[in-house]
Each structure stands twice: as C-alpha cells, then as structure tokens.
S.K.: 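One structure, pasted below without further comment.
For ligands, and for the atoms within them, numbers begin at 1 and follow the listed sequence.
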Amino acid sequence: MDRYKLVIRGEQPLNGDTYVSGGKNTSLAVIPATLLCEEPCIIENLPDIEDVRVLHRILLELGAKVDFNTAEKRMTIDPRSVKSATVPFQYSQMMRASYYFMGALLGRYGTADVGYPGGCDIGSRPIDQHIKGFSALGSEISEYNGMMGLKGSLTGTIINFDMVTVGATINVMLAAVRARGNTVLTNAAREPHVVDVANFLNSMGAKIKGAGTDTIRIRGVEHLHGGTYTVIPDQIETGTLMIAAAATRGDVAIHGTIPTHMEALSAKLLEMGVSVSSQDDVIWVRIRRGHRPIRLSTQEYPGFPTDLQQPMSALLTRAGGHSEVIENIFDNRFKHLDEMRRMGAKVIISGKTAYIEGVPQLRGAPVTATDLRGGAALVIAGLMASGMTEIFNPGFIARGYERLEDKLSSLGADIHREAAE
Ligand code: EPZ
C-alpha cells in the first residue's frame, strides 16, 4: 500500500487551460533506443514520471552517462561508456517497457540479458511475438532465472506478427535497424508512438519506411549517429484530460496536443453529446447537454485506444442509459469497475464486455487503484462523485501521468495528497 492517498471532493467543474506532457509510451521506447547510437543523444519534452526515472536508473546500471534535467524535460544520454548488456531482474520487473532493452542491446551489441518485464496487471502479457522477431533475425534465445538471454549477429528478414502488437513492432524494429540487409515487418502496429520511435531512429541515420502503416521496411545500416529529438505529446494523457473535462461538465482547453491522434475518442465524446473542437495544437472540450450512452469497442490504432477504455468507462457510469464497453486488447482490464461499484456505479461484466447502466450520481467512497489507467479512471469517478473520494495506491498513476493532480487542481478540481493510514 502506498504511503499516500489522493483525496478528492467531487462535483467541481473543470474550467480553464492546461497542457499535455511528452508521451510516456514513446519516451519508454526512445530512451532505450538511444543505445543503438554511437554518439550522445538529447531527448526533449520527456515527462517526469516514475517509469522514465526507472529507465534512467537502468541506463546508469548499464554504464551509460545520463543527465536528466526534469525542469527542462531533457535527458542527455551518452552510450559510449556502456559496459554491460544485462538488465537485472529487479529492474525489468518494475515496468513492462524494460523489454525494449532487449531489441536495443541486441541490435547494438549482438547480445542482451534482460529480466522478464513487469507492468500493469491487465491480463496475461506474453512476449512471444518479440521472441519470434528476434529469433527470425538470427538471435539465439535462452531463458534462465527469470531472464531472457539473446545472442547473435542479426540478418534482415520478413516477419509477420500473429497479432497487432505495439511492443513487439517497436522492439523488433530496434533490433533490425542495424541488422545486415533488409527487414520487413507485416501486420505491424500503427500507433503514433511507433511512428515517433521510427522518426527518432531515422533522424539518427536509420533507414525505416512505412511506420504508421501495417508494413514497415527497414534497411539495415552500419551505425547510428547521435543528435537531438523531441518526443510527441502523450495521446493517452490528452484523452484522459478530455474525458475529465466532459465528466465534470466543464469547459477546458488542452494545449500542446496533436488533435489527429485523438479522433477515435473525439468521435465517441461527440456521439455522447460533448462539444469537442480543435485548432492547431489546442483541443477544447465543453459539455453542452447530458451524456448519451454509447457502445465502445477497443481496437488497435486508429481505433479506440484500450488505454482510454478505463477513463471512458468512468464517464459512462453517469450517461443517461445503457452503455456497452468491449475490451478486445487485454483480457483483464475491468478491475476499476469493481471499485466504482462502491461509488454507486451499476455495472455487469460478462467476458470482454462491461454493461454499464448510467446512474444520476456517483457517491464518494474509499477506493483502491489496481493499475495505471484504472487509477486515472478512479480519479475521474472521484471528480464526478458527490462528497469525498479517497484513492489508495495512487502510485500507479504517478507512473504514467506527470503531475496529474496539479493539472486538475489548476483547472478547479479539489484534489490533494494525504498520508495514508
Ligand atoms: C503497449 O503495451 C503499451 N505499453 C500499453 O499501454 C498499451 O495498452 C498497449 O501497447 C496497446 O496499445 C507501453 O507502450 C509501455 P501490445 P504492450 O504488445 O506493448 C498481446 C499504458 O497504460 N501480445 O500491443 O504490452 C498482449 O497480451 C499501457 O500506458 C501477445 O500475445 O501491448 C495484448 O493482449 C498499458 N504477445 C495484445 O497483444 C506478444 O508478444 C496487445 O499487446 C505481445 C503482445
């Protein structure tokens, strides 16, 4: 249990201007990818979140020189002093994205020993497609004491993923950029941060085409130089702030966004009767009428993102009617709804579908976060509810959102941290 809890007094509409931080999931891939370069890299617009701090520690463990200026959101990484290709189990267990060190270290040094990844408990999260890709490129694979051992010089080939997987698409791309010859990834993930990682690698001298489509072509190069790169804004934080604005019937402008990344969510909010508009990098969310119920089905990008399913289901607990939420990507991503029942939500879960009957009001209650986006969903429920909500184990939220409480407070939310008994 975390030493602090979040305390929210609900029913305060969010109004005003806020901004979105740099992307968590792109940063968690670009930072390990700097190990593929033979000169220092400067990564700009990095969010100061727990997962990025864990990567910082892992890079130091490998011997890289790292300076993370959190105030200026800039990390400088000099990989020239890396002495090890081993990421110990106690680090890799702390987050899922530690698996990107497999592709980066294997691609750069021809060897990698990385502990099995940890990550949010949202279902079984195998890495068989990552292994399939590394093996197809020519790596020998061994497993021992919770570690994954990879070794071999890599030769380009054609790899068709058995399902669309963001992690494996990026991880195998990392390994392939310096392989001998050409690699083609088919049935590849198209998420914005897949494109961002490819853009980073290309700016350092890689030759990658087709990122953002389901076929990515990579021409292996001898080496990658260093340079400076700015990561894209966080698509999921943007969506979480949009949903929070709608949930509190507020009027919010979110700056620093890429509106085209948000189209699936914007369409669903408009379907509910929420006013969503955008110009340049600003998205406005205003509530105009009550929330109509909807049917929501998570898909790979450009479909509705699974990471926004949980925040959205909080909003739907108060929609005027019956909504359906179908989670197609992960097999256990409804735990937050059990907590929301304590707040008066009416939900029936059957397989991969949650049937939500909107209620006029939620009541504040003590609830416990079970994962990152589920924690964000509980914050949104607390902002909507009458009375006080206490959220225990909010540390999950700090893993993926930079100063979420401060951003919400600046918009008028009554939310603060307190010591947890
Ligand atoms: C990434 O996870 C994100 N995490 C997740 O965000 C996100 O929900 C997910 O992509 C989907 O968009 C990071 O980027 C660090 P997948 P990842 O590989 O790579 C199955 C958050 O809240 N699969 O696209 O693990 C897998 O079990 C986190 O920020 C295999 O079966 O997702 C899942 O059902 C949560 N074998 C589906 O594919 C594999 O080898 C999609 O997984 C790989 C995946």
S.K.: State the atoms of ligand 1, each with its element, that fall below the 4.0 Å cut-off from a heavy-atom position in Ile122.
M.R.: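 Those of ligand 1 that fall under 4.0 Å from Ile122 are 35 (C).
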S.K.: What atoms of ligand 1 come closer than 4.0 angstrom to any heavy atom of Tyr99?
M.R.: 17 (P), 19 (O), 25 (O)
S.K.: Relative to ligand 1, is Gln129 under 4.0 angstrom through side chain, backbone, both or neither, heavy atoms considered?
M.R.: both
S.K.: Taking Asp67 first and then Arg74, would you say they form a salt bridge - that is, a charged N and a carboxylate O separated by under 4.0 Å?
M.R.: no
S.K.: Can you report which non-hydrogen protein atom sits closest to atom 27 (O) of ligand 1, along with the distance?
M.R.: Ser124 O, 3.2 Å
S.K.: What part of Lys24 sits under 4.0 Å from ligand 1 if we count only heavy atoms: the side chain, the backbone, both or neither?
M.R.: side chain
S.K.: Which atoms of ligand 1 are found less than 4.0 Å from any heavy atom of Arg96?
M.R.: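 Near Arg96, meaning under 4.0 Å from one of its heavy atoms, ligand 1 has 17 (P), 25 (O).
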S.K.: Give me each pair satisfying side-chain hydrogen bond (donor to acceptor under 3.5 Å, both in side chains) with a member in residues 93-113, each pair once, sequence neighbours excluded.
M.R.: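 Sorted result for residues 93-113: Asp113-Tyr144.
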S.K.: In the protein, which heavy atom is nearest to atom 11 (C) of ligand 1, and how far is it?
M.R.: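 That would be Thr306 CG2, 3.9 Å.
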S.K.: Tell me, which protein residue and heavy-atom name are nearest atom 2 (O) of ligand 1, and how many Å apart are they?
M.R.: Arg125 NH2, 3.5 Å
S.K.: So is Asp162 close enough to ligand 1, meaning a heavy atom under 4.0 angstrom away?
M.R.: no
S.K.: Under a 4.0 Å threshold between the charged nitrogen and the carboxylate oxygen, would Arg341 count as salt-bridged to Asp338?
M.R.: yes
S.K.: For His130, take its heavy atoms, then give the atoms of ligand 1 lying under 4.0 Å from any of them.
M.R.: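 In order of number, 40 (O).
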S.K.: Of all the atoms in ligand 1, which lie at a distance below 4.0 Å from a heavy atom belonging to Val166?
M.R.: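 By the 4.0 Å cutoff, the relevant atoms are 10 (O), 12 (O), 16 (P), 18 (O), 24 (O).
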S.K.: Number the atoms of ligand 1 from 1 as they appear, then name those within less than 4.0 Å of a heavy atom of Ile127, with their elements.
M.R.: 39 (C), 40 (O)
S.K.: Identify, for atom 8 (O) of ligand 1, the protein heavy atom at the shortest distance, and state residue, atom and that distance.
M.R.: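 Residue, atom and distance for the closest contact: Asp307 OD1, 2.5 Å.
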S.K.: Within 45 degrees of the ring normal and closer than 6.0 Å to the centroid, is that where the cationic atom of Lys407 sits relative to Tyr19?
M.R.: yes
S.K.: Quick one about Thr228 and Glu44 (side-chain donor to acceptor, distance below 3.5 Å, no hydrogens or angles considered), yes or no?
M.R.: no
S.K.: Of all the non-hydrogen atoms in the protein, which one sits nearest to atom 23 (N) of ligand 1, and at what distance?
M.R.: Met163 SD, 3.9 Å
S.K.: Where the closest heavy atom to atom 37 (C) of ligand 1 is concerned, which of Asn328, Asn171, Asp128, Ile329 has it?
M.R.: Ile329
S.K.: Please determine whether a side-chain nitrogen of the Lys or Arg among Glu324 and Arg295 lies less than 4.0 Å from a carboxylate oxygen of the Asp or Glu.
M.R.: yes
S.K.: Are Arg417 and Tyr4 in a cation-pi contact, defined as NZ or CZ under 6.0 Å from the six-membered ring centre and within 45° of the axis?
M.R.: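 Yes, a cation-pi geometry holds between Arg417 and Tyr4.
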S.K.: If you have a sec, work out which protein heavy atom is nearest atom 26 (C) of ligand 1 and how many Å separate them, to one decimal?
M.R.: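 Ranked first by proximity to atom 26 (C) of ligand 1 is Phe330 CE2, 4.2 Å.
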S.K.: Give the residue, atom name and distance (to 0.1 Å) of the protein heavy atom nearest atom 14 (O) of ligand 1.
M.R.: Asn25 CG, 3.2 Å
S.K.: Atom 43 (C) of ligand 1: which of Pro126, Gly167, Gly375, Pro305 has the nearest heavy atom?
M.R.: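 Heavy atom nearest to atom 43 (C) of ligand 1 belongs to Pro126.
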S.K.: Work out whether the distance between some heavy atom of Arg333 and some atom of ligand 1 is less than 4.0 Å.
M.R.: yes
S.K.: Would you find more than 12 non-hydrogen atoms of other residues, nucleotides or ligands less than 6.0 Å from Arg53 atom CZ?
M.R.: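 Counting other residues, nucleotides and ligands, CZ of Arg53 exceeds 12 neighbours.
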S.K.: So, are Asp371 and Arg333 salt-bridged, with charged N and O less than 4.0 Å apart?
M.R.: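 Judged by the 4.0 Å cut-off on N to carboxylate O distance, Asp371 and Arg333 do not form a salt bridge.
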S.K.: Would you call Arg178 and Glu38 a salt bridge, taking side-chain N to carboxylate O under 4.0 Å as the test?
M.R.: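 Salt bridge flag = yes for Glu38 with Arg178.
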S.K.: Salt bridge or not for Glu402 and Lys24, using N-O below 4.0 Å?
M.R.: no
S.K.: Any idea which protein heavy atom is nearest atom 29 (O) of ligand 1, and the distance to it?
M.R.: Arg373 NH2, 2.9 Å
S.K.: As an exercise, state the distance from NZ of Lys352 to CG of Asn332, rounded to the nearest 0.5 Å.
M.R.: 14.5 Å
